[in-house]
Engineer: 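Shown below is the structure under consideration.
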Amino acid sequence: MPELPEVEVIRQDLARRVVGRRIRRVEITEPRLTRRRGTPRRVEMALAGHSVKALRRRGKCFVFNLGQDSLVIRLGMTGQLLWRQGDEDVRPDRHTHARFLFSGNNVLAYRDIRKFGEIFLLPTKDVERILSLGVEPLEASFTPEMLRRVCGSSSKIKPLLLDQAKIAGIGNIYADEALFRAGIRPTRRASSLRAEEIRALQRAIRAVLLAGIRHRGSSISDYRDADGQPGRFVPLHRVYRRHGKPCVRCGTPIRRIILGQRGTHFCPTCQR
DNA sequence: AGTACGCCCTGGCCGC
DNA sequence: TGCGGCCAGGGCGTAC
């Protein structure tokens, strides 16, 4: 499940390969991919011939800047972006739903087993407005004060962390891991957090996202980097999917509950 | 506004 | 071996 760190790792892998390269041709073979906007044919035609000026990340989205238009790719739960050298010529399997053929005979393949991901085009000037995502947690603007403002809500803190319109890029894994590091129970009302808890959570969010990037992501199920390699962060998870196992800090068995329809993991002793 | 639920989709796993 | 049922959850739509 690609969240901010996984998307960032892939972005870094791809940026040095696609920026400045021209998209020769695009093949989209799964109509669901473009359901949000346009059709496969229209996206294919609009992309062909354009060069990638920049590749950035916004929350969990890739944004390929092509000039007038930008190509947005969201990986959903099981999406993968795989870079293939021309001479490898890997046959696309039944889960490869799009291929971007670049100058220099290289291919960027989009695979997605569950087809929750999407590909669409936006006018570059409208990307921010239409994606309407919250603050980037790794940017300087994500201060304790900013988090305090986000927390002015009666909702529980964990579902709030997952709200992409408030903070962009945090998913189920990193939400649980950040709350553990901050010593905060996922069921706490956001508005009940004290100033020092807000500060701890702001630090924990940044720390856990940076650690995720440093270890090249969490390969829970299908996550792979642009070269098909899994990340190494899972063994460093402290609570996510560790229910029943002893807390790394105090030994209390990690508990699992459902919160906002999501599996939620925490230490009942360390998180208050 | 918050919260709950169903849906999209597939593969993995469990019990029988 | 095989099949039904359940689970994983990102994001969206709908209902209360």
Side-chain angles (χ1 to χ4, degrees), chain A residues 1-8 10-11 28-38 40 57-63 72-81 92-98 110-120 122 127 130-134 136-137 149-179 185-193 209 212 217-224 230-231 233-234 237 239-244 254-266:
Chain A
M1 49 208 72
E3 305 179 22
L4 186 154
E6 290 75 28
V7 175
E8 179 59 22
I10 295 171
R11 187 201 68 78
I28 299 174
T29 48
E30 169 55 63
R32 270 193 63 78
L33 265 188
T34 56
R35 63 194 178 279
R36 170 134 157 192
R37 230 164 205 270
R57 178 190 56 71
R58 187 71 176 91
K60 303 173 191 171
C61 296
F62 297 93
V63 182
V72 179
I73 300 182
R74 248 195 354 96
L75 298 178
M77 290 289 294
T78 55
Q80 302 173 335
L81 276 176
D93 67 353
R94 60 184 290 251
H95 298 302
T96 302
H97 305 309
Y110 179 83
R111 278 188 90 237
D112 189 353
I113 291 172
R114 291 170 69 180
K115 305 178 192 171
F116 285 177
E118 48 185 356
I119 292 181
F120 52 95
L122 293 177
V127 167
I130 292 177
L131 291 182
S132 57
L133 295 165
E136 278 292 329
R149 251 177 280 156
V150 166
C151 286
S153 152
S154 65
S155 91
K156 290 173 179 157
I157 184 62
K158 162 143 184 201
L160 187 139
L161 293 181
L162 296 178
D163 185 342
Q164 301 300 299
K166 295 198 163 69
I167 305 174
I170 301 177
N172 210 35
I173 298 173
Y174 294 93
D176 283 3
E177 293 297 318
L179 286 167
R185 227 176 253 230
T187 48
R188 280 279 296 283
R189 297 280 161 187
S191 51
S192 80
L193 297 183
L209 294 175
S218 299
S219 293
I220 286 287
S221 54
D222 301 280
Y223 167 70
R224 295 291 183 274
F233 195 52
V234 171
H237 289 176
V239 286
Y240 187 75
R241 293 215 187 161
R242 290 196 66 249
H243 42 297
I254 297 302
R255 278 185 55 194
R256 181 178 188 276
I257 59 172
I258 300 294
L259 198 52
Q261 316 303 114
R262 299 282 186 267
T264 296
H265 315 75
F266 69 98

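Residue numbers begin at 1 in each chain, while the letters A, B, ... track the order of the sequences. Since this is a predicted model, take the numbers as computed values, not measurements.
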Engineer: So what does A:S153 touch, heavy atoms closer than 4.0 Å: a base, only the sugar-phosphate, or nothing?
Structural biologist: sugar-phosphate
Engineer: Whole Å only: how far is the CZ atom of A:F62 from the C1' atom of C:dG10?
Structural biologist: 15 Å
Engineer: Can you list the steps and then say if A:F233 with A:E6 is a side-chain contact (heavy atoms from CB on, under 4.5 Å)?
Structural biologist: CA-CA 10 Å; A:F233 195 52; A:E6 290 75 28; 5.9 Å; no
Engineer: OP1 or OP2 of B:dT3 versus the side-chain N and O atoms of A:Q261: is any pair under 4.0 Å?
Structural biologist: no
Engineer: When you measure from the side chain of A:S155, which nucleotide among C:dG10, B:dT3, B:dA4 comes out closest?
Structural biologist: B:dT3
Engineer: Are OP1 or OP2 of B:dA1 and a side-chain N or O of A:S154 less than 4.0 angstrom apart?
Structural biologist: no
Engineer: Which value, in whole Å, describes the distance between the P atoms of nucleotides B:dC9 and C:dC3?
Structural biologist: 22 Å
Engineer: Counting distance alone, no hydrogens or angles: does the base of C:dG10 have a donor or acceptor under 3.5 Å from a partner atom on the side chain of A:R262?
Structural biologist: yes
Engineer: With rounding to the nearest 0.5 angstrom, report the OG1 to CZ distance, A:T34 to A:R37.
Structural biologist: 12.0 Å
Engineer: Could you tell me whether A:R58 and A:E136 have a side-chain N and a carboxylate O separated by less than 4.0 Å?
Structural biologist: yes
Engineer: What is the distance from CZ of A:R58 to P of C:dG11, rounded to the nearest Å?
Structural biologist: 13 Å
Engineer: Grab the CZ-C1' distance between A:R35 and B:dC8 for me, whole Å please.
Structural biologist: 7 Å
Engineer: Is the shortest side-chain N/O distance from A:R241 to OP1 or OP2 of C:dC7 below 4.0 Å?
Structural biologist: no
Engineer: Within the 3.5 Å criterion, strictly below it, is a donor on A:D176 or A:H265 matched to an acceptor on the partner's side chain?
Structural biologist: yes
Engineer: Would you kindly give the CE-to-C1' distance between A:M77 and C:dC12, to the nearest whole Å?
Structural biologist: 15 Å
Engineer: Side chains of A:T264 and A:R255: closer than 4.5 Å at any heavy-atom pair?
Structural biologist: no
Engineer: Could you tell me whether A:Y223 contacts a base, only the sugar-phosphate backbone, or nothing, with contacts defined as non-hydrogen atoms closer than 4.0 Å?
Structural biologist: nothing
Engineer: Regarding A:E118, tell me which of base, sugar-phosphate or nothing describes its non-hydrogen contacts under 4.0 Å with the strands shown.
Structural biologist: nothing
Engineer: Which of these nucleotides, B:dT3, C:dG10, B:dC5, is closest to any side-chain atom of A:N172?
Structural biologist: C:dG10
Engineer: If I take atom CG in residue A:L75 and atom P in nucleotide C:dG11, what distance separates them, rounded to the nearest angstrom?
Structural biologist: 11 Å
Engineer: Any side-chain heavy atom of A:D112 sitting closer than 4.5 Å to one from A:L75?
Structural biologist: no
Engineer: Roughly how many Å apart are C:dC6 and B:dC5, using the P atom of each and rounding to a whole number?
Structural biologist: 16 Å
Engineer: Write down the distance between NE2 (A:H97) and C1' (B:dC8), rounded to a whole number of angstrom.
Structural biologist: 13 Å
Engineer: Could you check how far CG of A:L33 sits from P of C:dG10, rounded to whole Å?
Structural biologist: 19 Å
Engineer: If the cut-off is 4.0 Å, is A:R36 near the phosphate of C:dG11, judged by side-chain N/O to OP1 or OP2?
Structural biologist: no
Engineer: Please write out each protein N/O paired with an N/O of nucleotides 9-12 of chain B under 3.5 Å, distance rounded to 0.1 Å.
Structural biologist:
unit_1 : atom_1 : unit_2 : atom_2 : d
B:dC9  : O4'    : A:R114 : O      : 3.3
B:dC9  : O2     : A:R114 : NE     : 2.6
B:dC9  : O2     : A:R114 : NH2    : 3.4
B:dT10 : OP1    : A:K115 : NZ     : 3.1
B:dG11 : OP1    : A:R94  : NH1    : 2.7
B:dG11 : OP1    : A:H95  : NE2    : 3.0

Engineer: Indicate the atoms forming the closest heavy-atom contact of A:G169 with A:Q164, along with that distance.
Structural biologist: N-OE1, 2.8 Å
Engineer: In this structure, how many angstroms lie between the C1' atom of C:dG10 and the CD1 atom of A:I167, rounded?
Structural biologist: 17 Å
Engineer: Heavy atoms under 4.0 Å, any strand shown: does A:G263 hit a base, just sugar-phosphate, or nothing?
Structural biologist: sugar-phosphate
Engineer: Among C:dG11, B:dC5, B:dG2, find the nucleotide with the atom closest to the side chain of A:K166.
Structural biologist: B:dG2
Engineer: Rounded to the nearest 0.5 Å, what separation is found between the OH atom of A:Y110 and the CG atom of A:L33?
Structural biologist: 5.5 Å
